[in-house]
Amino acid sequence: MASVTYNEVTKRFGDVVAVNDLSIHVEDKEFLVLVGPSGCGKTTALRILAGLEETNEGTINIGERVVNDVAPKDRDIAMVFQSYALYPHMSVYDNMAFGLKLRKVPREDIATRVRSAAEILGIEELLERKPKQLSGGQRQRVAVGRAIVRDPSVFLFDEPLSNLDAKLRVQTRAEISKLHQRLKATFIYVTHDQVEAMTMATRIAVMNFGVLQQIDTPQNLYDNPANMFVAGFIGSPSMNFCNASLAESNGTLTIDTGGFSVPVPKDREDLYREHVDKPVIFGIRPEDMHDTKYVPPGVNQSVMQARVDVVELMGNEIFVYLKSGEWEMTARVDPRTEFRV
Amino acid sequence: MFSISVKWERRVKIILGGAWMLMISLAILFPTYWIVLTSLKHPKEILERPPIYFIDYLSFHSYRNVWNNPVIDFPGWLLNSFVISISATLIATIVASLSALAFTRLRFPGQSRLGVLVFVAYLVPASLLFIPMYLMLAQFNLLESKMGLIIVYISFTLPFIVWMLRGYFQTIPKDLEECAMIDGCSRVGAWMRVVLPLAAPGIAAASIFAFTNAWNEYLFAWTLGGAASRTAPVGLTRWVFLDMFFWGELSAGAVFLAIPAVLMYFLGQRFIVSGLTGGAVKG
């Protein structure tokens, strides 16, 4: 088992900077999720760690060892690809045994390890099949199985769930989390899906344009996003933003958007005071907007008026698209809420 | 107005289509039939008027005469053909596989331009290269040698099969190779264990193409070859003395020549179809 460190890593493809001065330390046995929109450099960062791309600057450590010049096969890692990358000409068993055979593991050991990994993943009866005879979900399991049998220090996942249908994705998500608890290895997982990131990660690293935006636990990212990008990226539906100004009267701070105004909570006043009389951006999460009748207890209320544009009934909740002045926003409200559209 | 029912329209289509196919098949198959027939006729029957289209007894006279002839060493030339074609095929396939891999998998300056150049090289007509080839072989003392012909054939087949294999390798996902490299292979190991087995149909198709190209070649074998490197297609012309054509022997020789190529295509047709379309459709 091992920690992983990116130390001021930069990777350029021609003029494009795919990864820009990235520094991350991943603890041993941690489940780190790299998340961001497509093209943000997260996959490149993973591929650098795997040894499939070279860095232009900076160093990569796995454990104590600097691995920049170490071949992928000698990095003691295993990777699950988005396409699963199962060898089409080999049976499931041979796919899983391939890495062990190359490492000259005795035949009986290979059989034991493949069978026990197959058992963990519930694919014992598929061992003789060829990849093309498997469904997407089964292929995905085989790809994970192939990583498990190698018993590496670090597991790398490159969007492993994105080719699965929605239901299977949720199920497999939980299984990968379980696997992490069971194997007690370092997991580094790349996804563009913030729900995957929130549900599985010990810590999340949010990237955009090759730059690390913030790295923290899921809850801290949600509660204290470092910038507008992180605030907008984490959470679904994403946070509403509108231009506003911050005014002070009689010692209380108020955010005024033109359409409505919101008092700043007492405990935040000192934090915001330096921005008084300056333009600010007001952000509010859809789940923090409620019908006045169904406000949960303990919420610091302020009331706004808005016109309802579109309503999406989800059963357990309602998404309401609102208009207030020139601002459009989304609210995620209690299903008992009543509207006039 | 007159109209026909859908049923009749279908029947007419089948009949017309069938007739058309039959005509094309006849045009293609009749010459082959005629060669086989001539090779099995008795010499006296060959030039009979009106021509004999069906024979009721098989004569192997021509075959015997081709195979066991004190003056004309057809089996020896057939052997030359085999040695030259198989060497050219083996070398061309190995070189083409490696260069196609380099084109699809490595990043190097001028990659795409070089790829186009390879294709342009294929488009240059062989007859244009005839004089430079002759001069080059003369320079290296390779005229009239088997080695000379092998080199010439490799240079002609290489561009096309590099192009063909490039298309084939492009359909093999890069992930597989990268996965193999993480699993424990070196780059070359990943090619050998993962890419090449998957490319086998494409490589088989390429080598069949290279083989038949060299096997059937006449012009260069005739002009650049000599007594020691005479191939069977060139040797066959020995049965033409001035204005005398030994049709039976010529036909029997042609049949001998056709057998390996036909066998190869027959055994490899599965590969040829998937190899030639491999670059076109992603499966």
Side-chain angles (χ1 to χ4, degrees), chain A residues 13-14 43 46-54 67 70-90 94-105 110 130-132 139 142-152 154-160 163, chain B residues 97 100-102 104-115 165 167-206 268 270-271 273-275 277-283:
Chain A
F13 293 106
T43 294
L46 193 75
R47 289 171 57 83
I48 289 172
L49 178 57
L52 301 173
E53 303 285 350
E54 288 171 15
V67 294
V70 176
K73 67 188 171 80
D74 301 322
R75 292 190 179 198
D76 196 16
I77 51 168
M79 181 157 165
V80 178
F81 288 77
Q82 180 173 3
S83 63
Y84 314 140
L86 301 181
Y87 310 123
H89 56 307
M90 298 182 196
D94 288 333
N95 260 283
M96 289 168 72
F98 186 66
L100 299 177
K101 280 183 188 159
L102 289 173
R103 286 181 164 74
K104 309 255 186 302
V105 175
I110 294 180
K130 287 277 174 69
K132 69 175 174 203
R139 285 179 200 187
V142 176
V144 173
R146 189 169 57 181
I148 295 177
V149 292
R150 295 259 318 281
D151 191 24
V154 185
F155 283 84
L156 310 181
F157 295 86
D158 184 11
E159 311 217 13
N163 290 340
Chain B
S97 303
L101 269 173
T104 47
R105 294 303 202 258
L106 302 179
R107 275 178 239 155
F108 54 89
Q111 187 172 24
S112 59
R113 255 174 241 170
L114 207 59
L165 285 178
Y168 203 85
F169 286 146
Q170 273 165 351
T171 63
I172 298 171
K174 222 177 155 189
D175 282 359
L176 292 178
E177 226 170 300
E178 293 180 339
C179 192
M181 281 165 69
I182 292 174
D183 266 352
C185 292
S186 62
R187 185 183 283 278
V188 176
W191 285 354
M192 301 302 280
R193 286 164 189 275
V194 175
V195 181
L196 288 187
L198 293 175
I203 292 172
R270 201 157 59 90
F271 299 130
V273 172
S274 74
T277 56
V281 186
K282 218 177 162 186

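Order of the sequence lines fixes the chain letters, A, B, ..., with proteins taken first and strands second; residue numbering starts at 1 for each chain.
With a threshold of 4.5 angstrom between heavy atoms, B/L198 approaches chain A through side-chain atoms but not through N, CA, C or O. Neither the backbone nor the side chain of A/L100 has a heavy atom closer than 4.5 Å to any heavy atom of chain B. Neither the backbone nor the side chain of A/R75 comes within contact range of chain B; no heavy atom of the residue lies under 4.5 Å from a heavy atom of that chain. Contacts between B/R193 and chain A at a heavy-atom distance below 4.5 Å involve backbone atoms as well as side-chain atoms. For chain A, no part of B/A200 is nearby; none of its heavy atoms comes within less than 4.5 Å.
The heavy-atom pair separating B/G184 from A/L102 by the smallest distance is C-CD1, 3.7 Å. Summarising the geometry of B/I182 relative to A/I77, their closest heavy-atom pair is CG2-O, 3.6 Å, with the distance given to 0.1 Å.
Ranking A/A147, A/A143, A/A85 against chain B, the residue ahead of the rest is A/A85, based on heavy-atom pairs under 4.5 Å. When each of A/P88, A/P152, A/A71, A/A50 is scored by its heavy-atom pairs under 4.5 Å with chain B, the top score falls to A/P88.
Open room surrounds CZ on B/R187; 12 or fewer heavy atoms of other groups in view lie less than 6.0 Å from it.
Of the inter-residue distances, the one linking B/E178 atom CD with A/E53 atom CD reads 7.5 Å to the nearest 0.5 angstrom. Within the model, atoms OH of A/Y87 and CG of B/D175 stand 10.5 Å from one another, a figure rounded to the nearest 0.5 Å.
B/D183 pairs with exactly one of A/M79, A/K101, A/R146 by the side-chain contact (heavy atoms from CB on, under 4.5 Å) rule, that one being A/R146.
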